[in-house]
Structure formats: structure tokens, C-alpha cells
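Just so it is clear: chains get the letters A, B, ... in the order the sequence lines come, proteins before strands, and each one is counted from 1. None of these values were measured; they are calculated from a predicted model.
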Protein chains: 2
Amino acid sequence: MDENKKNNLQKVLEFIKDYLDRNQKTPTVREIASAIGVSSTSTVVYYLRKLEKKGFISIEGKKSRNIKLKETAFLRKQIPILGLIRAGIPTYAEENIEGYLNVDDFLFQKGDFLLRVKGDSMKDAGIFDGDLVLVKQTPVINPGEIGVFMIDGESTIKQLGLENGHPVLIPKNRDYSPIYPKELVVIGRVTAVIRDLD
Amino acid sequence: MDENKKNNLQKVLEFIKDYLDRNQKTPTVREIASAIGVSSTSTVVYYLRKLEKKGFISIEGKKSRNIKLKETAFLRKQIPILGLIRAGIPTYAEENIEGYLNVDDFLFQKGDFLLRVKGDSMKDAGIFDGDLVLVKQTPVINPGEIGVFMIDGESTIKQLGLENGHPVLIPKNRDYSPIYPKELVVIGRVTAVIRDLD
DNA sequence: ACCATAATCAAACACTTGTTCTATAATAAT
DNA sequence: ATTATTATAGAACAAGTGTTTGATTATGGT
């Protein structure tokens, strides 16, 4: 009973992480409030103090967006390039890793990886067979965004859509049909495309 | 005189990068102002608009710390990003350089530069408005390859074709017509495409 | 010298945002 | 049941912040 009702503290922390990932800044107390469904800013402050006590975040000064995620082990010098992902969340197991790419720190966070695109189902979105896409691992994707999903035990890149509240995976290529997954498994959000023409 | 006074635009961009790296958020206009040594917030706004026009940042809404660094700042080493190239071979003269990007060595060589794509004349080749293309400077391009050419004193990206031994510049977009240049000026060959989706 | 454009400033305004204080539910402990 | 603790709400304030407007000072071209 208590188990599946994720407690708000956790929700706050996750929201902050995700928000930071998307927006290059941490949320305001009011944004957090509305995200977790409480109406008072002081409630959020209450949570933040707790998270701070537990060492997850720190708050310095009174300027805006002053939450700082600790231990954010941001920045990784090398990110792996993965090929087809089979079954489950991508492990960085040797057999999956095509190679490594050195990257600049500030844009990339732990958990990011590059995925080699197979097939041309996204060609109208300018994502071609053989391209590399940068994937940020996150369970949250908004409709309209392009992401990596698990379908029948394999990773696939599609645009997320919504039809009557149900998720649709939209290939950007007239030759392919939308996919209506019974269960949506999100691996991550595609945030960049790299194509080597040589 | 002009040389050692690093221009403010660059300073702003660098400050934002650095600030983001340190603080997990982008700075406020006032913080930027004091960092680069100007006293007016509107001066900063002036710079931000410029940086936005050049595609380095985006600003959405009027909430606090709304600057967002675009830039698929992959990779090590620095190579210049050029905007429209006017007249002649691109010099790395200040006025041409939009900024710098850290890049990985193995993909990039001396003389390479990134060019910000204008327009959608190559969209069927998966090269969209706003993309960055990596250009290797070379006078030699083979038919079928995509390159950067000078047309009427401006740089343009097209696929090279051959008709009866005469060069044609082919836009990969049905809405545009091929160009039959009297004189073919090749700036370089496009060897990669980078698109930032965030 | 004159004009156009680019760069910068100062001030003011409205909206955001962090903080604090008090009050009230909900829950747990006694 | 009574009490203590935990969660949540609401309002209000001061400071922070983005934006705009108008003016002023370079700078560069003719």
C-alpha cells in the first residue's frame, strides 16, 4: 500500500534531476510544488530542507534556483557508443559497446550514450541509417520528442505521440506505420544527431 | 587595439558556459553584466539577443535564468563555427567566426570548420536549417558528394552533380532548382552533420 | 564634417521567487 | 483519548529578475 505510492520526497528529488537535465537549471519552489501536486511553497521548502539534511542537495543563498544537486557526478570524459540494444536497459557491457567518444564535459551527464541508428524509419526527421544519436537516459519523454524505446526486445528510435491518451510511436517515414505499444518502455530521449559522411 | 580587447559577445558566451558548469544553472542578466563589466542589464539583453540570433543560446519565456545553451559542444579541441561565408575562401577572421566548439581529435582535422546551415534546401539529405555541418576544406569534390560552394558571393551547401561534363549544384529539396554555375568555387566537402534537438 | 549604426547606460515596472510566519490537517505514539 | 510529530496550506513581504523605453556615447563609412 505505502510502497507503490511513491513518496513526495523522492518525487521532488527526481523532478529536480529531470528538470536539470532538460533545462540546464534547477526548478523554482513553485515549479516543484506544481510538479508534485502540492499547493504551498512552504511545503516544498519543507521537503528541500529534508533533502538537504539527507545530503542530496544543497541550497546556498537566496537567489533564484539555488538548489544544487550534490554528488551529481556530472561529466564523464568518455561516453560509450552502443549498437543495437537487445533486451532491457542498455548495460554498458562490453559486447554492446562499439567504441568511445571523448566529449566535452558540460553537456553530457552520466548515463548519456550514443546509439548507432539502424534503418531509415526516421529519415524524414533527418535521422538516417548509420547516424549516431545522443541519448539521455530518462523515463520521461514529452509527446513530440524523439526517444529510444524498447519494442519486442529491441531498441528503436521513434517520435512519441499521443492518441486519446495512449502513446504512439511514430516513425518519420511514410513507408512505416505507427506502433501502438501495449506497454511503453522508454530508454531515453534523443538530444542530438551526428552523421559522419566520410 | 582591437585585438587584445576580447569582444564582449564572446565573453558573455564563455561566462555562461563556465557559470553553467559550476552552478548547474545559467546566470541572470545582472550576473552577466557584472561579470563582463558593464553596468546595464539592457546591454546584456542586447548581447543575449545577438547570441540567440547566432544560434548559440535560446531564451524561452520570461522566467528566471532562462538562457539555454545550445551547441552540441561535443568533443575536444577547438574548431571555429562559421556563419554565412561572404566572398572568397573563409578566413578565420574574427568577423566570420560565430564561436568555437570543442571537438574530438579523431573526427576533426586542422582546417576543418563547422558551418551553421541556413535554409532547408538540403532537407531531403537530412540537413536541416540550423544544423551544423563539418566542412573539410578541399578543392576536390566527387560527384554525388555534398559540399560547400560559393554562389554569388555567398556560401551554400549542395550536392555536386555532373551533366555532360558540366558541374551542377543539386539541392536535395523538390522545391528548389539545380544551379548551373558558370564557375565552380569549392570551399570544402561536408563530412558530418550535427543537430542539437534540445 | 555628417550621418547611420552599434554599443552602452540608467531607470522604472511588473512579475518571479525565496523566505517566513501562522494555522490546520493527518498520522503516529503514548 | 490525548499528545507529539509530520505534512500541508495560505498569505504576505522583500529581494531578485526579465523586459522595455529612451537617452547617450562610440564607431565607422561617405
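- Although no hydrogens or angles enter the test, the distance criterion places a donor-acceptor pair under 3.5 Å between the side chain of A:E52 and the main chain of A:I59.
- Taking atom CG of residue A:L9 and atom C1' of nucleotide D:dT6, one finds them 11 Å apart after rounding to whole Å.
- Remark: the A:K25 side chain and the B:N66 side chain contain an N/O donor-acceptor pair separated by less than 3.5 Å.
- Between B:I32 and the choices B:T41, B:V44, B:V45, the side-chain contact (heavy atoms from CB on, under 4.5 Å) rule is met once, by B:V44.
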### Task
Take B:R65 and B:E31 through the salt bridge (charged side-chain N to carboxylate O under 4.0 Å, His left out) test and state the conclusion after the steps.
CA-CA 10 Å; B:R65 300 174 188 280; B:E31 284 167 339; 3.1 Å; yes
### Message
Between B:D124 and B:R174, is the salt bridge (charged side-chain N to carboxylate O under 4.0 Å, His left out) condition met? List the steps.
### Response
CA-CA 8 Å; B:D124 291 343; B:R174 291 167 228 82; 3.7 Å; yes
### Task
Classify every nucleotide of nucleotides 12-24 of chain D by which part a protein heavy atom approaches to under 4.0 Å, writing B for the base, S for the sugar-phosphate alone and - for neither, in 5'-to-3' order.
----SBBBBB---
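- Going from atom NZ of B:K25 over to atom P of C:dT16 covers 19 Å, rounded to whole Å.
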### Query
Does the pair B:L160 and B:I170 meet the rule for a side chain to side chain contact (heavy atoms under 4.5 Å, CB included), with working shown?
CA-CA 6 Å; B:L160 179 61; B:I170 308 167; over 6 Å; no
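- Taking atom CD1 of B:I36 as the reference point, atom P of C:dA7 lies 12 Å away to the nearest angstrom.
- Atom P of nucleotide C:dG18 and atom CD1 of A:I16 are separated by 11 Å, given to the nearest angstrom.
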